[in-house]
Novice: 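My structure is below; once you've seen it, I'll send some questions.
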Protein chains: 2
Amino acid sequence: MNIKEVAARAGLPAKTIRYYEEIGLIRPARSENGYRSFGAADLHKLAFIGRARGLGFTIEDCRALLALYEDRERASADVKALAGAHLTRIEAKIAELQAMKRTLAGLVAACAGDDRPDCPILSGLSESGCD
Amino acid sequence: MNIKEVAARAGLPAKTIRYYEEIGLIRPARSENGYRSFGAADLHKLAFIGRARGLGFTIEDCRALLALYEDRERASADVKALAGAHLTRIEAKIAELQAMKRTLAGLVAACAGDDRPDCPILSGLSESGCD
DNA sequence: TATGGGGCTTCCCGTGACTGGAAGGTCAAG
DNA sequence: CTTGACCTTCCAGTCACGGGAAGCCCCATA
């Protein structure tokens, strides 16, 4: 399988797959002509990485997850800890964004949005919030 | 006011303030010795930027917001449009993170988290989800 | 056999918004 | 005079790629 086909099957851009090889996430074989030659195992790994990335895991998380995946003597506790930490990060990020959303939505709602210059959004950004 | 003081008052790292000057967000005066010399207006601008950044606006958004802030003939509709677009982006990001959270929480909940290798998290990442 | 058009390769630069660190000038206190 | 805190500039790195150039390789068609 050449890169374009494995890219289509894994749902990843070819560029991304070359990048994953560069950083050592995958090690596809090479044909005589120098082309990368992907087998079923490579495809499987790439799909795995793609799904992990889709859940927001970092590349280093993916590396660790792959290592655990390939370690038949792993403890599921290790996987759970990794995923749990990531879940916590996601929840923190959601909370942060929701706080932004609340503030911003309040400002936007207060703004007339007409052709006059008075604007509670700019006032809100301008004021120190201590008064 | 030297950079350290304005940094403390604006609640931004000095490095960040130098960066903001480099990209043209602010133009502090210079003392004879070459040190940046910040006035009240600079501090006010930096605090404005800091708050906008805190609400998740990009630097380019901040540039536009500052321009609107300093334009006495602005239309509040322009500000509202900018903020509204940002609000939409935030909401989309929250939805994306919540989808991740749901999937991930399901996997984590299904994982025993003991010393055995069986792990629904790894299985979930490994499977194509079509079955 | 020429040629055209994909596909493949490597390499380098750019992204956003900083952050860290090195090398060196300046200033006030002891 | 020295020490140490502060300031300056410049360069490199972050994260996870994406764009694009320059140059092979391969196959089909005329």
Novice: Which whole-number value in Å describes the distance from B:Arg53 CZ to C:dA17 C1'?
Specialist: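 The distance from CZ of B:Arg53 to C1' of C:dA17 comes to 6 Å, rounded to the nearest Å.
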Novice: Can you name the one residue among B:Asp114, B:Asp115, B:Asp118 that meets side chain to side chain donor-acceptor pair (under 3.5 Å) with A:Ser76?
Specialist: B:Asp114
Novice: In whole angstroms, how far is the P atom of D:dG23 from the OH atom of A:Tyr35?
Specialist: 16 Å
Novice: How close or far is atom P of C:dG6 from atom NZ of A:Lys4, stated in whole angstroms?
Specialist: 9 Å
Novice: Taking the side chain of B:Ile3 as its heavy atoms from C-beta onward, which of C:dC18, C:dT9, D:dC7 lies nearest to it?
Specialist: D:dC7
Novice: Rounded off to whole Å, could you give me the CD1-to-C1' distance for the B:Ile49 and C:dC18 pair?
Specialist: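 Value for this atom pair: 14 Å.
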Novice: Does a nitrogen or oxygen in the side chain of A:Arg36 sit under 4.0 Å from OP1 or OP2 of C:dC8?
Specialist: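 Indeed not, no polar side-chain atom of A:Arg36 lies that close.
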Novice: Strictly below 4.0 Å, N to O, side chains only: are A:Glu21 and A:Arg30 in salt-bridge contact?
Specialist: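 Counted as a salt bridge, because a side-chain N and a carboxylate O are separated by less than 4.0 Å.
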Novice: Closest to the B:Lys15 side chain: D:dC10, D:dG20, D:dA16?
Specialist: D:dC10
Novice: Measuring from the side chain of B:Arg18 (C-beta onward, heavy atoms only), which nucleotide among C:dC18, D:dC7, D:dT8 has the closest atom?
Specialist: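 Of the options given, the side chain of B:Arg18 lies nearest D:dT8.
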Novice: Can you tell me the distance, in whole Å, between the CG atom of A:Leu12 and the P atom of D:dC17?
Specialist: 8 Å
Novice: CD1 of A:Ile23 versus P of D:dT14: gap in Å, rounded?
Specialist: 12 Å
Novice: I'd like to know if A:Glu73 pairs up with B:Arg116 as an ion pair, taking the criterion as any Lys NZ or Arg NE/NH1/NH2 lying under 4.0 Å from an Asp or Glu carboxylate oxygen.
Specialist: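 Here A:Glu73 does not pair with B:Arg116 in a salt bridge, since their nearest N and O are not under 4.0 Å apart.
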Novice: Which nucleotide wins on minimum distance to the side chain of B:Thr58, given the candidates D:dT9, C:dA17, C:dC8?
Specialist: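 Per side-chain heavy atoms of B:Thr58, the pick is C:dA17.
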Novice: NA contact type, A:Phe57, heavy-atom cut-off 4.0 Å: base, sugar-phosphate, or nothing?
Specialist: nothing
Novice: With a 4.0 Å cutoff (strictly under), does any side-chain N or O of A:Arg30 reach OP1 or OP2 of D:dC25?
Specialist: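 False: A:Arg30 side-chain N/O out of range (4.0 Å or more) of D:dC25 OP1/OP2.
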Novice: Looking only at side-chain atoms of A:Tyr19, point me to the closest of D:dC25, D:dT9, D:dA16.
Specialist: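 Taking heavy atoms from C-beta onward, the closest nucleotide is D:dA16.
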Novice: Strictly below 4.0 Å: does B:Thr16 bring a side-chain N or O up to OP1 or OP2 of C:dT19?
Specialist: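 It does, given that an N or O in the side chain of B:Thr16 lies less than 4.0 Å from OP1 or OP2 of C:dT19.
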Novice: Side chain of B:Pro13: nearest nucleotide among D:dC25, C:dT9, C:dT19?
Specialist: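 The answer is C:dT19.
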Novice: Under the 3.5 angstrom rule, does the side chain of B:Arg51 hit a backbone N or O of B:Leu46 as a donor-acceptor pair?
Specialist: no
Novice: Are any of the side-chain nitrogens in B:Arg9 or B:Asp42 under 4.0 Å away from the carboxylate oxygens of its partner?
Specialist: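 Not counted as a salt bridge, because no side-chain N and carboxylate O are separated by less than 4.0 Å.
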Novice: What is the distance from CD1 of A:Ile17 to P of D:dG18, rounded to the nearest Å?
Specialist: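 These atoms are roughly 11 Å apart.
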Novice: Rounded to the nearest angstrom, tell me the gap between atom CD in B:Glu32 and atom P in C:dT26.
Specialist: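 One finds 12 Å between P of C:dT26 and CD of B:Glu32, rounded.
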Novice: Is the phosphate of D:dC7, meaning OP1 or OP2, less than 4.0 Å from a side-chain N or O of B:Asn33?
Specialist: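 Indeed not, no polar side-chain atom of B:Asn33 lies that close.
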